[in-house]
Each structure stands twice: as C-alpha cells, then as structure tokens.
Amino acid sequence: MIRFGILDDHPLVLEGIRSLFNGDDRFNLAWGVTSAEECWQRLQTDDVDALLLDIHLEQENGIALCKQLKTRYPGLQILMLTSYCETTFVKNALQNGASGYLLKNASYVEMTEALRTAYGGNNYLSAVVQQKMLDGLLNPRKITVNVAYMPKLTRREQEVLQLITDEYTTAEIAEKLFVSLKTVETHRMNLLQKLGAKNTAGLVKTALAMDLV
C-alpha cells in the first residue's frame with residue numbers, strides 16, 4: 001500500500017481527491033493539509049511515501065518548498081500538482097527534486113499511475129506535459145535577452161511580476177496587494193511593455209531569462 005499526503009490550500013481540492021481514493025486499498029491518503037507549516041508538522045509525526053504538492057500556495061512557492069522538503073526527507077516522492085502547464089515550471093520542479101508533474105484536471109487513473117511510478121523511484125509527467133516538453137524541443141522558441149538593457153521595475157511592478165510567476169490570478173494579486181483589479185492589469189500591461197512580451201507566458205519566460213524573479 002502506498003501512503004501519501006496532500007498539500008493544497010484549496011480545501012475543495014483536498015476533499016475531491018480524498019473522495020476519489022475512498023475504497024481503494026492500494027492507496028492510503030494519510031492526510032491533507034492546506035499550509036506548509038501543517039505539512040512539516042505532519043511529516044514529523046505521520047510519515048508518508050509520497051506527497052501531492054500544489055505549486056501555487058498562498059504563502060509559499062511550491063517549487064521552493066519541494067526543494068526544502070527533499071533536503072529534509074530525501075526518500076519522500078513529491079508530485080507537483082498544478083493547473084499551469086508551463087515548461088519552465090516543469091523543468092524547475094524536476095531540478096528541485098520533484099518526482100513528477102501532474103495537472104489538476106488529471107483523471108483518477110492518471111493519479112494512481114503517477115503515485116505508483118514515483119513510489120517505484122521513477123519520474124512521472126502527464127501526457128499533456130510530455131507533449132508540451134516535446135513541442136519545446138522540436139520547435140524551440142529562443143528568448144533573446146539584451147543584457148545591456150535591463151528594464152527598471154518599480155517595487156510594485158516587481159511584486160506583481162513575482163506573483164504572476166507564482167501563478168496568482170489577477171483577483172488574487174489584487175487581494176494580496178490590497179489594490180484594485182484595474183491597478184493590477186495596469187501593472188501587467190506595463191510589465192509586458194517593459195519586458196517586450198506578448199502575453200503572460202512570454203512575460204514569465206522573459207522574467208526568468210533575465211533573472212528578474
């Protein structure tokens with residue numbers, strides 16, 4: 001039996017996954033928590049084989065947390081769980097110790113396959129993610145960065161850029177920074193212009209290439 005835990009700051013996600021695994025004696029969902037602090041506490045008292053870890057947490061960067069968890073618990077198999085299928089995040093997750101990358105629309109069968117694969121010591125990427133990675137290899141789109149020109153960002157633009165990179169929605173950014181939706185969109189448009197990006201995905205890629213986040 002594979003024992004696993006879940007860290008996701010949306011209780012509905014926890015309950016949804018818990019309901020999927022009810023009655024399956026091949027797996028034991030030992031616990032589900034909504035914060036990194038709870039996760040650390042649980043791991044100290046209730047060891048698990050694997051962890052489903054959300055990339056976008058309210059107060060944590062899931063990928064950075066993955067690295068910390070693997071340092072402390074090297075035998076723990078961590079599967080990143082997200083709705084964001086950006087190859088940059090996939091690569092960063094794997095480089096920081098993740099055993100796999102799952103999208104939140106994954107089926108129950110796919111989740112069980114991912115858990116078994118990670119438990120066996122192998123990496124798992126969902127079919128959609130694999131195709132995305134393959135497309136990137138076959139049709140690379142290089143980002144040319146003019147190192148002589150580094151955009152000057154205001155403190156607020158830097159904060160918004162970091163939150164965009166961490167997968168926060170416009171509404172979530174507005175709530176976190178105590179500003180209006182219109183203000184967030186204005187900052188987003190300014191960032192797109194300053195970094196020469198056409199959309200949010202390009203903004204994230206360029207920001208990472210320029211080491212702005």
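Computed from a prediction, not measured in an experiment: that's the story for all the values here. As a basis for the values below, the full set of heavy atoms in this structure was taken, side chains included, without hydrogen atoms, waters or symmetry mates.
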Check: Between the main-chain N or O of D46 and the side-chain N or O of W31, is there a donor-acceptor pair closer than 3.5 Å?
Finding: yes
Note to self: For a 4.5 angstrom cut-off between non-hydrogen side-chain atoms, does I164 reach I173?
What the structure shows: yes
Item checked: Check: T112/R26 side-chain N/O donor and acceptor closer than 3.5 Å -> no
Next item on the list: Indicate yes or no for a side-chain donor-acceptor contact from E38 to the backbone of T34 under 3.5 Å, with no hydrogens or angles considered.
Entry: yes
Notebook entry, point to check: Can you name the closest pair of heavy atoms from A118 and S99 and give their distance?
Noted result: CB-CB, 4.0 Å
Note to self: Under 4.5 Å between side-chain heavy atoms, counting indirect links through other Ile/Leu/Val/Met/Phe/Trp/Tyr residues: same cluster for L103 and V13 or not?
What the structure shows: no
Margin query: Do L177 and L161 sit in one hydrophobic cluster, given that two such residues count as connected whenever their side-chain heavy atoms are within less than 4.5 Å of each other, even indirectly?
Written below: yes
Next item on the list: Establish whether I78 and I17 are linked, either directly or via other cluster members, by ILVMFWY side-chain heavy-atom contacts under 4.5 Å.
Entry: no
Item checked: Basic-acidic side-chain contact under 4.0 Å: E113, R116 -> no
Check: In terms of hydrophobic clustering (I, L, V, M, F, W, Y; side-chain heavy atoms under 4.5 Å; direct or indirect links), are L52 and L76 co-clustered?
Finding: no
Margin query: Taking the six-membered ring for Trp, are F21 and Y108 closer than 6.0 Å centroid to centroid?
Written below: yes
Note to self: Counting only heavy atoms not in E185 (residues, nucleotides, ligands), do more than 12 fall under 6.0 Å from its CD?
What the structure shows: yes
Next item on the list: Could you tell me whether the side chains of S180 and T183 share a donor-acceptor contact shorter than 3.5 Å?
Entry: yes
Note to self: Hydrogens and angles aside, do Y168 and Q162 bring a side-chain donor and acceptor to less than 3.5 Å of each other?
What the structure shows: no
Check: In the single-linkage hydrophobic clustering (I, L, V, M, F, W, Y; side-chain heavy atoms under 4.5 Å), do I2 and Y73 co-cluster?
Finding: no
Check: Do K67 and Q95 have side chains that get closer than 4.5 Å, going by heavy atoms?
Finding: no
Next item on the list: Would you mind checking if D47 and R3 are paired as a salt bridge, meaning a charged N to carboxylate O distance below 4.0 Å?
Entry: no
Next item on the list: Answer yes or no: is there a side-chain heavy-atom contact under 4.5 Å between V90 and L125?
Entry: yes
Checklist line | Heavy-atom pair of closest approach, residues E167 and E172 | finding: O-OE1, 4.2 Å
Item checked: Electrostatic pair E159:K176 at N-O distance under 4.0 angstrom -> no
Margin query: Give me the atom names and distance for the closest heavy-atom approach of V160 to L191.
Written below: CG1-CD1, 4.0 Å
Next item on the list: Quick one: closest heavy-atom pair of G97 and C66, and the distance?
Entry: C-SG, 3.9 Å
Margin query: If I compare all heavy atoms of K70 with all of N96, which pair ends up nearest, and what's the gap?
Written below: CG-O, 4.4 Å
Next item on the list: Give the ring-plane orientation class for F4 versus F27, where under 30° counts as parallel, over 60° as perpendicular and anything between as tilted.
Entry: perpendicular
Notebook entry, point to check: Do the side chains of K104 and D8 get nearer than 4.5 Å, heavy atoms only?
Noted result: yes
Item checked: Ring centres under 6.0 angstrom apart (Y124, Y101) -> no
Next item on the list: Search all heavy atoms of G5 against all heavy atoms of L29 and return the closest pair with its distance.
Entry: CA-CD1, 4.2 Å
Check: Counting only heavy atoms not in M189, do more than 12 sit closer than 6.0 Å to its CE atom?
Finding: no
